[in-house]
Structures are given as structure tokens and as C-alpha cells.
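None of these values were measured; they are calculated from a predicted model. All residue numbers in this chain count up from 1 along the given sequence.
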Amino acid sequence: MWASGVARNDAGELTLDGLAVSELQRQFGTPLFVMSENDFRARARAFSDAFNNAFADICGGVDVYYAGKSFLCTAVVRWVEEEGLRLDTASGGELAVAARAGIPGSDVALHGNNKSDGEIHRALDMKLGRIVVDSIAELERVARIAGNRGETAKVMLRLTPGVHAHTHEFIATAHEDQKFGLSMAGDSTEQAGLSAAEEAVAAASGHPSIELLGLHCHIGSQIFEPDGFALAAEKLLDFLAAMQSKYSIVLPELDLGGGYGIAYTPVDTPRPAAEIAQAMAAVVRTKCAELGISAPRISIEPGRAIVGSTTFTLYEVGTLKTVRVDAPGADGSKSGNSGETGKNVTYPRRYVSVDGGMSDNPRPVLYDADYSAILASRASAAAPQLSRVVGKHCESGDIVVRDVYLPEDVAAGDLLAVPGTGAYCWALSSNYNYLARPGVVAVRDGSARLIVRGETEEDLLNRDMGV
Ligand code: LLP
């Protein structure tokens, strides 16, 4: 759950690479995203090494595209590049960050189910290594735009293999009822028996302005078991082989997307990257042998698994309040919050308000996501008390950590740290209630620097035209 380099000093205060959280608060204020640069680099390398080793004898290694949507800024793009990874983007804005960081366009991919013409032009301006095309209409647009420019667009086709992963498990369905990608189902076009995926492959090969590199799929996020990835790989390899035998089209690349899960609380037990990589490699090896094809070059797009655990959010505690709740299960609910008391055993739950909330981490509200928290500014030997860490927004659903035991002497002015907030927290942050979005600080070898500054009141008022 925690970045390497997180520890407690002799005074009992949480530190990252020896820097105490009180010092971070003094320099940068709270709330604050505190990221370990060394941990980010180490996780990027570890992921890349695990997959490169597992696939070395199959296709010479794997291209790892860090999924920038999970957290992106200029510094992170530079780390990604320095560690030998590539970058996956999903909008013109993310491309702008990539361009500012100076990463070569050939190492960048562009996704999106509804790319604008402007985004396609930008991708071509930057000479992107791949545009991941999501629909036949988009394929035609990319072909037209590239053709008009007298250029060739390098394209991957995003397919929906009918494998859908929900966190810890996956389901395989005939159809993908979702907005992304080209269906592989036989009846997904007007032509009987022809799937949208097949139609796109045939169409792409007929466009001189398109260089069709291969196929892509992404089956979901926060996935723990390799089975879903493996099944998707098998389906795409079947399809790839079918295209080879039917149209003599050899597709040299296969991207298996991202989605590798991390631990948010102690109950989460993700598999090590090496284990997942080996399981996927075994399936690709066997399937290619069975189909009699040479293995395509494999790529993957992890986001959360690289950045998620590198970061904790530092909050200052404000108001505290205690209510009595039913014992878990007494009212049929997960945590006994029906408000009915009297007939059942009740016990206290303390609400611990912090100076951020759903604006810096909307994941508990959006996905019912669980987090944990610890008292960071000092050690305490006080008895643990069931606590709910909540934000300062005008919504009762503004929960940061639903249930966590914190020392009963936690008081206003204490600092709390919530681990695992590197992915999809800052990226999804908002200005709800006109709260300023927090900054992100990178700590490396004992010194801290802002990589994204926190917003000021001036930032908040900047776009209000005042008329
Ligand atoms: N590739 C594609 C095409 C994707 O759509 C995504 C994530 C990734 C890679 C990276 O997935 P990761 O390895 O980070 O799981 N906001 C949600 C997650 C949305 C994921 C969107 N796509 C959350 O906070 O859980």
C-alpha cells in the first residue's frame, strides 16, 4: 500500500525518504499529494523488467506504455522516458503534456473513442508511434486526414474481445455492451458473419494513408487475476491468425492494455507483476504455437500499477464528531449505519473531518472504493476507535475512508496520511465547492519539489469572467 521509503522517525512521525510530514506541510500546505520519485521509477522498471523477461523468448520483449490518464505531468513523462517506458495518452491535452516534456512522438500512443479532427492532426504533427483507432468511422477520418496531409498514420485497432473484468473477477460475454472499440462478434455489421473488427482490418489495409500495426484490447481496471488478460490474448491471437489466413494480412503488434490491480487496503492481494507476466506469456506462447503463427510484438499499458502506490495524500484533521451506530449486520447493512438504535447493540463511530475530500479523491464516491488512513504527524498509544474519515464538502457522501481504526486521541491539527492515491485521484480531482486542487510534491533522496503546484484562490477566480 505504501511507497518504499515511507517510515516513522524516532519521534513517531511519518517520513518519506527521511522527510517528515510536518515539514512537508510547512513547505507546501495540505491537502497534498506526496509522491516518491524513486518508488515511481522502481515500479516502472519492475513492471517493464517482469514483462520483458517473461516475453523475451516469445517476441523479444514487451513495449510498456505508461497510461498517463492515471496521473500525468511533465516530470512524470520524463521519468517514464528515462526508465525506458513509452506513454499512452487519451486526449489532446495529454498530448500537450507529452509534447512539453519532449518525449519523442514515436514513443507515444493516442487513445480515445471520440477523437476530434484536431486531436488527429496533433497526433500526426507529433509523428505518434500509434493512433489506437476505436471505430470504423474514425478509421475513415484518420485515413482522410493523413491522406490530405500526404502522410501515413500508424494505427492499432481497438477490439472488444468480449472479456470484461470487474475488479477481482472477469466475465466473458458474447457482446461488449460498452462504448469502446470494434466488436469481434460475427453479427456486428450489416454484412452477415462479418464483425466490425474484421471490416476494419479489411478497410485499413485498403487505405494507402494507413499503416496497420496491429490490434489492441483493454478489458478493465484494478484486476488481480491473470485469467481475463489471458483469455483476451487468446481471442485476439485467434483473430490475428484468421486475418492472416483469410486476407494474408500479417499484423505485427498486439497490445493487451492495462488494468493490473494494486492494494488499497490490507485485504487486497494483487499478484506480483512477474506472476501475471509469466501467465500471460505462457498463454501467448502456447496459442501462437497452436495457430502456427509467429508471435506479434506485445505491448501493455499499465497506469495504476505503476503510480498508484507511489503516493499518499496528506490531510490535516479539523472537526471531530462521534455518533452511535448499530453493530455490523444488525440492520442488514455492511457497516450498520441505518440510524436505528435501541433494539440492537450499538457502538461509537467517530467522524474525522479533513481539509480535502471528494474534490481530491472522488473514487470512494464514484466506485465505492476503499482506502485506509493512519495518524501521520505523531505516534499514539491510545486505543483504536472506529472512525470514518470525511471531507469538507457539502455532501454527506463525501467520504475519504469509510471505516478505519484510528487512535482515539486523534485531534484537530493532527495530520492523516491516506496511501494508494497516486492513480485516478489528482487526475479526477475537481474544484467542487470552489476548493483549490492540491499540489503534487515529488520526494527524492530526502528532498521535495513541487511537480504540480496547488491551485490558488486566484486560479479559482481566473476563468470567471466577472460579467
Ligand atoms: N489502457 C486503456 C485503453 C485504458 O482505458 C486504461 C484505463 C488503461 C490502459 C490503464 O488502466 P490501469 O492500468 O490504470 O488500470 N477511473 C477509474 C479507472 C478508469 C480506467 C480507465 N482506463 C478508477 O479510478 O478506478
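Counting only heavy atoms from C-beta outward, the side chains of Glu234 and Val283 approach each other to under 4.5 Å. Residues Leu110 and Ser91 are not in side-chain contact: their nearest non-hydrogen atoms beyond the backbone lie 4.5 Å or more apart. Within the 4.5 Å cutoff, side-chain heavy atoms of Tyr424 are placed close to those of Lys69. Residues Thr421 and Phe71 form no side-chain contact, since every pair of their non-hydrogen atoms from C-beta on lies 4.5 Å or further apart. Taking 4.5 Å as the limit, some side-chain heavy atom of Ile300 sits within range of a side-chain heavy atom of Phe51. In this structure the side chain of Glu151 never reaches within 4.5 angstrom of the side chain of Ser209, judged on heavy atoms. Leu236 is listed as a side-chain neighbour of Met184, based on a closest heavy-atom distance under 4.5 Å. Taking the side chain as every heavy atom from C-beta outward, Tyr315 and Val418 approach each other to under 4.5 Å.
In terms of the salt bridge (Lys or Arg N to Asp or Glu O under 4.0 Å) criterion, residue partners of Glu82 (sequence neighbours excluded) are, by chain and number, Arg41. Every residue two or more places apart in sequence or in another chain that forms a salt bridge (Lys or Arg N to Asp or Glu O under 4.0 Å) with Asp459 is listed here: Arg453.
Taking the six-membered ring where tryptophan is involved, the planes of Tyr432 and His393 are essentially parallel, since the angle between them stays under 30° and well short of 60°.
In this structure, the side chain of Ser48 does not engage the main chain of Ala44 through any donor-acceptor pair within 3.5 Å. Under a 3.5 Å cut-off, the side chain of Glu211 and the backbone N or O of Ala153 do not form any donor-acceptor pair. Counting only distance, with no hydrogens or angles, the side chain of Lys115 and the backbone of Ala90 share no donor-acceptor pair below 3.5 Å. With hydrogens and angles ignored, the 3.5 Å screen pairs no side-chain donor or acceptor of Glu83 with any backbone N or O of Val80.
The two residues Gly214 and Leu251 make their nearest non-hydrogen contact at CA-CB, 4.0 Å. Across all non-hydrogen atoms, the minimal contact from Ser447 to Leu19 is C-CD1, 4.0 Å. In terms of heavy-atom proximity, Leu291 sits nearest to Asp238 at CD2-OD1, 3.6 Å. Across Gly228 and Val163, no two heavy atoms sit closer than the pair O-CG1, 3.6 Å. For the pair Asp360 and Ser429, the tightest heavy-atom approach, listed with the atom from each and the gap, is CA-CB, 4.1 Å. For the pair Glu455 and Asn431, the tightest heavy-atom approach, listed with the atom from each and the gap, is OE1-ND2, 2.8 Å.
Residue pairs meeting the ring pair (Phe, Tyr, Trp, His ring centres under 6.0 Å) criterion with at least one partner in residues 133-153, sequence neighbours excluded, are absent.
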Problem - Test log, rule side chain to side chain contact (heavy atoms under 4.5 Å, CB included), inputs Val389 and Val354 - result: CA-CA 7 Å; Val389 182; Val354 294; 3.8 Å; yes
Practice task
Take Arg444 and Asp17, measure what salt bridge (Lys or Arg N to Asp or Glu O under 4.0 Å) needs, and give me the verdict at the end.
Solution key: CA-CA 7 Å; Arg444 183 176 183 180; Asp17 286 357; over 6 Å; no
Handout entry: Trace of the salt bridge (Lys or Arg N to Asp or Glu O under 4.0 Å) decision for Asp355 with Lys392
Key = CA-CA 6 Å; Asp355 50 356; Lys392 60 179 286 162; over 6 Å; no
Exercise for the section: Would you sort out whether Thr89 and Leu87 count as a side chain to side chain contact (heavy atoms under 4.5 Å, CB included), showing the intermediate values? Expected result: CA-CA 6 Å; Thr89 64; Leu87 181 69; 3.8 Å; yes
Exercise for the section: List the steps and the verdict of side chain to side chain contact (heavy atoms under 4.5 Å, CB included) for Ile374 and Leu416. Expected result: CA-CA 6 Å; Ile374 60 165; Leu416 295 187; over 6 Å; no
Practice task
Given side chain to side chain contact (heavy atoms under 4.5 Å, CB included), test Arg363 with Cys425 step by step and report yes or no.
Solution key: CA-CA 7 Å; Arg363 298 193 70 260; Cys425 291; 4.2 Å; yes
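In summary, Arg86 and Glu81 do not engage in a salt bridge, as defined by a charged side-chain N under 4.0 Å from a carboxylate O. A salt bridge links Glu290 with Lys287; the closest basic N to acidic carboxylate O contact falls under 4.0 Å. Using a cut-off of 4.0 Å between Lys/Arg side-chain N and Asp/Glu carboxylate O, Glu253 and Arg297 are scored as not salt-bridged. At a threshold of 4.0 Å, the pair Arg141-Asp117 counts as salt-bridged, since one of the basic side-chain nitrogens sits closer than that to a carboxylate oxygen.
Side-chain contact check for Glu301 and His111: at least one donor-acceptor pair (N or O, by modelled atom type) lies under 3.5 Å. If you check the side chains of Arg437 and Ser359, you find no donor sitting under 3.5 Å from an acceptor. Between Arg149 and His121, the side chains place a donor N or O and an acceptor N or O closer than 3.5 Å (distance only, hydrogens not considered). Side chain to side chain, Asp255 and Ser299 meet the donor-acceptor criterion of an N or O pair below 3.5 Å. In this model, no donor atom of one side chain and acceptor atom of the other lie less than 3.5 Å apart for Gln222 and Tyr367.
With a 6.0 Å radius and a threshold of 12 heavy atoms from other residues, nucleotides or ligands, Arg78 has its CZ atom above the threshold. Other residues, nucleotides and ligands contribute only 12 or fewer heavy atoms inside 6.0 Å of the OH atom of Tyr434.
A distance of 13.5 Å separates CZ in Arg45 from CG in Asn52, rounded to the nearest 0.5 Å. To the nearest 0.5 Å, the span separating CG on Leu95 from CZ on Arg122 amounts to 6.5 Å. Separating the CD atom in Glu199 from the OG atom in Ser183 is a distance of 11.5 Å, to the nearest 0.5 Å. Interatomic distance, Gln278 CD to Arg285 CZ, rounded to the nearest 0.5 Å: 9.5 Å. Separating the CZ atom in Phe180 from the CG atom in Asn113 is a distance of 5.0 Å, to the nearest 0.5 Å. For the atom pair Arg402 CZ and Ser372 OG, the distance stands at 14.5 Å (nearest 0.5 Å).
Ring centroid separation for the pair Phe40 and Tyr66 comes in under the 6.0 Å cut-off. Taking the six-membered ring wherever Trp is involved, the centroid distance between the rings of Phe47 and Tyr260 falls below 6.0 Å.
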